[in-house]
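See structure below.
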Amino acid sequence: MADLPDKDAAFIDWYLAVVEAADLSDKRYPVKGMNIWTAYGLRARRRLDQVMIREIEAIGSEAVEFPTLIPETDFAKEKEHVKGFDAQVYWVTRGGLTPLDVPLVLRPTSETAMYPTFALWVRSHKDLPLAVYQIVNTFRYETKTTRPFVRVREIHFFEEHTCQVDDAAATRRVHENLRAFAKMAADFGLPYLALRRPDWDKFAGAAYSVALDAPIGGPRTLQLGTVHHYRENFSGPYGIRYEAVDGTQKLVHQTTFGLSERLLGGIVAIHGDAKGAVFPVAVAPFEVVVVPIPAAGAGPAVNAAASEITERLRAAGRRVRLDAGDERPGAKYYRWELKGVPLRLEVGRREAAERTATAVDRFGAKGTVRLDSLESDVATRLDEFDRTLRERAETRFRASFAPAATLAELAHSDRVRYVGWCGAEACGHEIERAIDGALLGTPEERFPFETGPPARCIACGVERDVRWAVAAQPI
RNA sequence: GGGACUGUGGGGUAGCUUGGUCCAUCCUUCGGGGUUCGGGACUCCGAGACGCCAGUUCAAAUCUGGCCAGUCCCA
């Protein structure tokens with residue numbers, strides 16, 4: 001097994017090598033940007049989905065599923081949206097040999113699939129708020145280089161869509177979504193910033209967009225998800241109206257919340273290290289791997305102890321894997337570390353005799369668990385592992401940012417930068433050119449740095465109405 | 001959209017300039033046997049590739065053309 005490229009010096013090479021070596025995805029499928037979900041990768045993805053489902057249902061969303069194909073006539077109703085997606089959708093233009101009168105779009109996202117139906121579902125203020133989500137595949141014809149999980153053409157997409165009585169209710173929903181994401185991110189151990197995108201970079205058709213960005217080393221960031229406030233931009237063209245308490249007809253205000261397998265890419269990118277992937281317990285395909293260490297004469301006792309441990313942990317609801325394969329123990333350690341399993345339990349002649357197991361977490365912290373108290377000992381170790389994981393990520397997160405006072409400081413930056421910005425688009429583009437990246441936007445909720453207000457716009461120098469903005473190189 | 005580059009077993013590579021030494025090198029992987037097993041074991045046997053289609057030639061992994069796929073840069 002070859003060593004991995006250096007994460008800091010060759011991040012992309014490292015990332016691709018980990019995804020491949022940990023067997024999270026098989027990218028040899030012969031269509032660009034469409035990769036195969038392997039058994040191990042799919043286990044991780046399903047864990048992510050479950051966390052998303054738990055948190056979105058906790059704020060009152062219900063699961064639905066809309067069809068994959070959208071008639072062009074519906075797709076084209078909201079002009080900005082169409083303009084934004086026109087160049088990157090797949091078209092179905094034939095049914096068998098017959099050209100279709102109305103071509104069909106493979107959904108790049110589902111606004112235009114859902115909203116004609118929302119107009120039928122929403123009649124009265126009693127129908128509001130309407131909050132539904134679906135986890136489905138969407139398709140975008142990416143022309144840039146695709147990367148597993150991070151930039152793909154077939155996207156495993158979580159999308160919540162809501163209809164609200166007015167702007168204020170929709171704004172509250174945006175913040176409910178942000179809090180729901182905060183809970184998900186806590187499970188994933190992912191520190192991030194919620195940034196309101198500048199107008200030129202918002203979602204096509206949105207009134208405004210709040211993106212969830214995570215620094216992943218150097219000046220680079222990864223966008224993990226987005227929450228959009230549409231106001232009446234879609235409800236107008238799609239006729240989503242309700243009769244208010246006072247008898248008048250009103251357009252709903254809408255929001256959406258989107259996440260994808262990028263979260264998995266983010267988890268690999270942020271937690272991974274020189275030994276490979278590192279999964280937080282909530283996401284780990286296997287929380288525990290049990291490795292028996294055979295010894296001459298003690299084989300049956302060792303195997304019996306390993307089996308007992310595996311079965312008891314499984315009965316306790318743990319995702320556990322017994323690796324009894326015919327390899328040297330060391331080879332197994334390396335592989336399961338590469339695959340990011342949080343905790344390894346080793347059982348050899350000594351442990352079997354003492355009714356214990358040696359526990360080593362993914363960071364190398366070593367200890368002993370007793371079979372008497374196996375379930376609770378393992379739970380304690382996993383909690384400690386998760387705490388370490390979070391602290392490491394949080395420490396790196398804080399070290400990822402630096403302020404900049406001049407445009408020159410942005411060039412060849414080794415950090416994500418926060419700068420004073422007057423809000424003017426021209427200044428924003430100057431900042432983007434200077435960092436050779438993007439102005440990600442202004443903090444929507446918290447700003448994690450101890451810092452006063454910015455003195456002046458880094459581009460034009462004005463001192464009035466200046467706010468902090470974050471500039472980086474999104475991948 | 002414009003340009004440059006690259007396609008060799010499952011993965012990574014040597015060979016390509018100057019056609020023949022190549023029924024293709026090495027590492028890894030995979031299957032089988034044996035000895036092993038407390039941090040990537042050893043050994044024996046075996047499996048597996050020149051992106052596709054034409055052309056030039058006595059002879060093509062190597063040269064030419066087209067196609068397909070991929071990567072990077074620029075708009």
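The sequence lines fix the lettering, A, B, ..., with proteins before strands; numbering per chain opens at 1.
Atom P of nucleotide G1(B) and atom CG of Asp86(A) are separated by 14 Å, given to the nearest angstrom. Nucleotide U35(B) holds its C1' atom 17 Å from the CD atom of Glu327(A), rounded to whole Å. The CZ atom of Arg350(A) sits 12 Å away from the P atom of G38(B) (whole-angstrom rounding). What separates CH2 of Trp336(A) from P of G38(B) is a distance of 19 Å, to the nearest Å. Computed from coordinates, the Arg335(A) CZ to U28(B) P distance equals 16 Å when rounded to whole Å. Atom-to-atom, CG of Asp323(A) to C1' of G39(B) comes out at 14 Å; the value is rounded to the nearest Å. As rounded to whole Å, 15 Å separates atom P of U29(B) from atom CG of Asp23(A). Rounded to an integer number of Å, the gap from CZ of Arg362(A) to P of G39(B) is 18 Å.
Using a cut-off of 4.0 Å between Lys/Arg side-chain N and Asp/Glu carboxylate O, Arg45(A) and Glu261(A) are scored as not salt-bridged. With respect to Lys83(A) and Glu80(A), a salt bridge is recorded, a charged nitrogen being found less than 4.0 Å from a carboxylate O. With salt bridges taken as basic N to acidic carboxylate O contacts below 4.0 Å, none links Lys275(A) and Asp273(A). Arg398(A) has a carboxylate O that lies under 4.0 Å from a charged side-chain N of Glu394(A), or vice versa, which qualifies the two as a salt bridge.
Rounded to whole Å, the separation between the P atoms of U28(B) and A41(B) comes to 12 Å. Comparing the same atom, C1', in U43(B) and in U6(B) gives a spacing of 39 Å after rounding to whole Å. G15(B) and U25(B): their C1' atoms are spaced 7 Å apart (whole Å). The gap from the P atom of C30(B) to that of U21(B) amounts to 33 Å, rounded to the nearest Å. Taking atom C1' in both A61(B) and G9(B), one finds a spacing of 14 Å when rounded to whole Å. Nucleotides C26(B) and U8(B) are separated by 13 Å at their C1' atoms, to the nearest Å. With P as the reference atom, U57(B) and C16(B) are 24 Å apart, rounded to whole Å. Here the separation of C50(B) from C44(B), taken at their C1' atoms, is 30 Å to the nearest Å.
Side chains of Glu111(A) and Tyr238(A): a donor-acceptor N/O pair is absent below 3.5 angstrom, by distance only. A donor atom on one side chain and an acceptor atom on the other are found under 3.5 Å apart for Glu351(A) and Thr358(A). At a cut-off of 3.5 Å, with distance as the only test, a side-chain donor of Asp49(A) or His156(A) sits close to an acceptor on the other residue.
Here Tyr334(A) lies parallel enough and close enough to stack on the base of G40(B), with planes under 30° and ring centres under 5.5 Å apart.
Under 3.5 Å, the side chain of Glu337(A) and the base of G40(B) form no donor-acceptor pair of N or O atoms.
Using Watson-Crick or G-U wobble geometry with both donor-acceptor distances under 3.5 Å, G1(B) finds its partner in C74(B). Base pairing analysis places A47(B) opposite U29(B); the two distances defining the Watson-Crick or G-U wobble pair are each below 3.5 Å. Using the Watson-Crick or G-U wobble rule with both distances under 3.5 Å, A69(B) pairs with U6(B). Across every strand in view, C42(B) sits in a pair with G34(B) that passes the Watson-Crick or G-U test at under 3.5 angstrom. U21(B) makes up no base pair with any nucleotide shown, lacking Watson-Crick or G-U wobble contacts both under 3.5 Å. In a base pair of the Watson-Crick type (N1 to N3 plus N6-O4 or O6-N4) or a G-U wobble (N1-O2 and O6-N3), with each distance short of 3.5 Å, A60(B) is matched with no nucleotide.
Between Phe188(A) and His271(A), the ring centre distance reaches or exceeds 6.0 Å. Annotation: Phe139(A) is not in aromatic contact with Phe157(A) [ring centroid separation under 6.0 Å not met]. Taking the six-membered ring for Trp and the full ring otherwise, the centers of Tyr192(A) and Phe397(A) sit at least 6.0 Å from each other.
In this structure, OG in Ser260(A) is found 11.0 Å from CD in Glu159(A), a value given to the nearest 0.5 Å.
Pairs engaging residues 281-304 of chain A under the salt bridge (charged side-chain N to carboxylate O under 4.0 Å, His left out) rule: Glu287(A)-Arg318(A), Glu287(A)-Arg319(A) [sequence neighbours left out].
Of the two residues contacting RNA chain B, namely Asp326(A) and Arg344(A), the nearest-nucleotide position lying further toward the 5' end is that of Asp326(A). Closest-nucleotide positions on RNA chain B for Val31(A) and Pro329(A) were compared, and the one nearer the 5' end corresponds to Pro329(A).
Distance from the side chain of Ala331(A) is smallest for A41(B) among the nucleotides A41(B), U71(B), G38(B).
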Got a list of protein N/O to nucleotides 42-50 of chain B N/O distances below 3.5 Å?
none

Under 3.5 Å between N/O atoms: give me all the protein pairs with nucleotides 8-12 of chain B, atom names plus distance.
from: G10(B); atom 1: O3'; to: Arg28(A); atom 2: NH1; distance (Å): 3.0
from: G10(B); atom 1: O2'; to: Arg28(A); atom 2: NH1; distance (Å): 2.3

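Contact annotation for Lys332(A): no contact, since no heavy-atom pair falls under 4.0 Å across all strands.
OP1 or OP2 of C37(B) has not a single side-chain nitrogen or oxygen of Arg328(A) nearer than 4.0 Å.
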